[in-house]
Amino acid sequence: MSIKALIKRNTYLDSITLMSISNDANQIEGVKQAMIGMGTEMNKEVIRDVGLITAEIEEAKTGDLIIVIETEDENELDHALDEVQQLLTKKDKKKESDVVFHTIHEAASNLENANLAVISVGGEFAVREARKALDENLHVMLFSDNISIEDEIELKNLAHEKGLLMMGPDCGTAIINNVGLSFANKVRKGNIGIIGASGTGSQEMSVRIHEFGSGVSQLIGTGGRDLSDEVGGIMMIDALHALEEDEETDVIVLVSKPPAKNTEAKVLS
């Protein structure tokens with residue numbers, strides 16, 4: 001087996017894009033394994049576990065993009081790396097019809113009906129961008145993780161005061177007005193609302209509802225820490241109020257990993 005790594009310094013791509021590119025990279029002829037991800041300790045640990053770690057990868061910073069390829073034949077490595085870089089280039093290309101704004105304020109000012117921002121940037125920038133979106137009176141779905149619990153509480157309290165949803169951090173799935181966001185399943189519209197502090201659990205619930213012939217009015221993610229004692233279920237309770245006022249929702253399902261007992265009692269009451 002032959003392994004080769006490429007580190008692209010200070011190159012950020014969100015995890016949804018990286019998973020898509022990794023999937024495509026593993027379909028390249030001659031590639032036994034390919035992994036593309038940011039240089040976080042979690043990603044390095046995964047790369048170690050599958051036996052693809054190199055000295056360059058160990059030295060990569062959290063803002064660096066890691067590309068590592070394993071092939072049966074050493075002669076195929078350079079070709080495989082070139083193919084992966086072409087995948088990255090394709091992802092970077094914008095269609096002529098794409099509209100690009102460079103700040104949240106610019107987008108909010110130019111998009112008259114915009115009322116929700118999906119944010120997926122490095123954790124060190126995510127809190128700042130989420131706060132900007134809330135200041136623009138936008139609901140927020142914060143896909144980013146690596147955010148302190150203190151910052152999470154601050155953002156959720158700000159959203160609560162403004163009557164906005166603050167989904168996340170680390171919120172990986174939502175269905176708002178029948179539009180799937182991030183990792184969402186295409187399910188029929190119906191009268192069952194889901195509030196989830198577990199992304200995979202919420203997805204499972206939505207597809208089971210669909211399979212049994214019913215549909216989903218809204219799926220609101222909260223982020224996995226929302227039901228901790230520290231956060232106290234701020235988002236889940238706000239989402240409950242939102243669905244109680246939603247004329248299209250007749251049933252509300254709560255999905256979570258085991259919650260803190262005090263928070264569980266508060267939510268259920």
Just list the side-chain donor-acceptor pairs under 3.5 Å for residues 99-107, sequence neighbours left out, or say none.
{"residue": "Thr103", "atom": "OG1", "partner": "Glu106", "partner atom": "N", "Å": "2.9"}
{"residue": "His105", "atom": "ND1", "partner": "Glu136", "partner atom": "OE2", "Å": "2.7"}
{"residue": "Glu106", "atom": "OE1", "partner": "His102", "partner atom": "N", "Å": "3.2"}

>> Taking salt bridge (charged side-chain N to carboxylate O under 4.0 Å, His left out) as the cut-off, I'd like each qualifying pair that reaches into residues 159-176, sequence neighbours left out, listed once.
In response: none

> Looking at Val187, Thr173, Val255, Leu219, which one forms a side-chain contact (heavy atoms from CB on, under 4.5 Å) with Gln203?
Replying inline: Thr173

> Do other residues, nucleotides or ligands put more than 12 heavy atoms under 6.0 Å from the NE2 atom of His160?
Replying inline: no

> Any idea which heavy atoms bring Cys171 and Gly223 closest together, and the distance?
Replying inline: CB-N, 4.3 Å

> Does anything in residues 239-260 pair up under salt bridge (charged side-chain N to carboxylate O under 4.0 Å, His left out), and if so which pairs, sequence neighbours excluded?
Replying inline: Lys189-Glu248

>> For the CD atom on Gln27, are there more than 12 heavy atoms of other groups (residues, nucleotides or ligands in this structure) within a distance under 6.0 Å?
In response: yes

>> Side-chain heavy atoms nearer than 4.5 Å, only ILVMFWY residues, links allowed to pass through others: does that put Ile176 and Ile192 together?
In response: no

> Could you give the distance from CG (Leu13) to OG1 (Thr11), rounded to the nearest 0.5 Å?
Replying inline: 7.5 Å

>> Show me the pairs that pass salt bridge (charged side-chain N to carboxylate O under 4.0 Å, His left out) and involve residues 110-135, at least two apart or across chains.
In response: Glu129-Lys132, Arg131-Glu154

> Between Ser120 and Phe143, what is the shortest heavy-atom contact and its length?
Replying inline: OG-CD2, 3.5 Å

> So which of Leu52, Ile67, Ile57 actually passes side-chain contact (heavy atoms from CB on, under 4.5 Å) with Met35?
Replying inline: Leu52

> Applying the 4.5 Å side-chain criterion to the ILVMFWY set and letting contacts propagate, would Ile234 and Ile252 be lumped into a single cluster?
Replying inline: no

> Does Asn43 reach the main-chain N or O of Gly39 with its side chain, forming a donor-acceptor pair under 3.5 Å?
Replying inline: no

> What's the spacing between Thr222 OG1 and Glu152 CD if we round to 0.5 Å?
Replying inline: 8.0 Å

> Where is the tightest heavy-atom contact between Ala25 and Leu87, given as atom of each residue plus distance?
Replying inline: N-CD1, 3.8 Å

>> Taking Ile28 as the starting point, is it possible to reach Ile36 by hopping between hydrophobic residues whose side chains are less than 4.5 Å apart?
In response: yes

> Val31, Leu65: one ILVMFWY side-chain cluster at the under-4.5 Å cut-off?
Replying inline: yes

> Ile3 and Gly51: which non-hydrogen atoms are nearest, and at how many Å?
Replying inline: CD1-O, 3.5 Å

Output a table of donor-acceptor pairs, distance under 3.5 Å, between side-chain atoms of residues 258-269 and any protein atom two or more places apart or on a different chain; print 'none' if there are none.
{"residue": "Thr263", "atom": "OG1", "partner": "Ser228", "partner atom": "O", "Å": "3.1"}
{"residue": "Lys266", "atom": "NZ", "partner": "Gly232", "partner atom": "O", "Å": "3.1"}
{"residue": "Ser269", "atom": "OG", "partner": "Ala265", "partner atom": "O", "Å": "3.3"}
{"residue": "Ser269", "atom": "OG", "partner": "Lys266", "partner atom": "O", "Å": "2.9"}

>> Tell me every residue that passes salt bridge (charged side-chain N to carboxylate O under 4.0 Å, His left out) with Asp78, counting only those two or more places apart in sequence or in another chain.
In response: Lys4

